[in-house]
Amino acid sequence: GSWCPAALCRGRTLPKPPPGLACGAGGPRRWTSSFSQPGPTEADSGEGQVFLSESCVKRLLEITEGSEFLRLQVEGGGCSGFQYKFSLDTVINPDDRVFEQGGARVVVDVDSLAFVKGSMVDFSQELIRSSFQVVSNPQAEKGCSCGTSFSVKF
């Protein structure tokens, strides 16, 4: 019952996105663009990548000063079992992985990275709120409408 033509999701060289993600709200374009970013970071792909959208980079450059960066953590809780937590930080720990794009940095600890690898961090500005969000998370089965909570695929 999906509206997406099957041919669109077949025959791709990319890792196959979970059902519903490639053909879901964001369309297949977002998925593709998150994997086609050039740069030396692709060497780390075995360990997992986190991508930064243009709006995320732009907002981080506005709000961070000096050595500040955005820390993304995954914690138990929320309405779907796990939740994303964002904070500004200046200390990089030994088990942190740093993802940099356009001068903006997002840092994820290795435990949290297992839950968000392959995702994109986006800054969403809406009428009632603006927030950092994790979008296109291949590890997440379903999220809640607030966009901060998700359950994991097993």
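- With a 4.5 Å cut-off on side-chain heavy atoms, Phe51 and Val106 do not count as touching.
- Using a 4.5 Å cut-off on side-chain heavy atoms (C-beta onward), Leu72 and Val134 make contact.
- Distance alone, capped at 3.5 Å, is enough to place a donor-acceptor pair between the Ser112 side chain and the Val74 backbone.
- Phe69 places none of its side-chain heavy atoms less than 4.5 Å from the side chain of Val98.
- Considering only heavy atoms from C-beta on, Ser131 stays 4.5 Å or farther from Phe123 through its side chain.
- Remark: side-chain polar atoms of Asn137 are paired, donor with acceptor, to backbone N or O of Gln139 under 3.5 angstrom.
- In this structure, the side chain to side chain donor-acceptor pair (under 3.5 Å) partners of Ser124, at least two apart in sequence or on a different chain, are Glu126.
- Linking ILVMFWY side-chain heavy atoms closer than 4.5 Å, directly or via other members, places Val50 and Val57 in a single hydrophobic cluster.
- Applying the side-chain contact (heavy atoms from CB on, under 4.5 Å) test to Thr64 and every residue at least two apart in sequence or in another chain returns Leu60, Glu68, Leu88.
- Using a cutoff of 4.0 Å between basic side-chain nitrogens and carboxylate oxygens, Glu54 and Lys58 are not scored as salt-bridged.
- Checking side-chain atoms of Gln83 against main-chain N and O of Gly77 turns up no donor-acceptor pair under 3.5 Å.
- Under the 3.5 Å distance criterion, the side-chain polar atoms of Arg105 are left unmatched by any main-chain donor or acceptor of Arg71.
- Side-chain contact between Leu70 and Val121: present, with at least one pair of heavy atoms (C-beta onward) separated by less than 4.5 Å.
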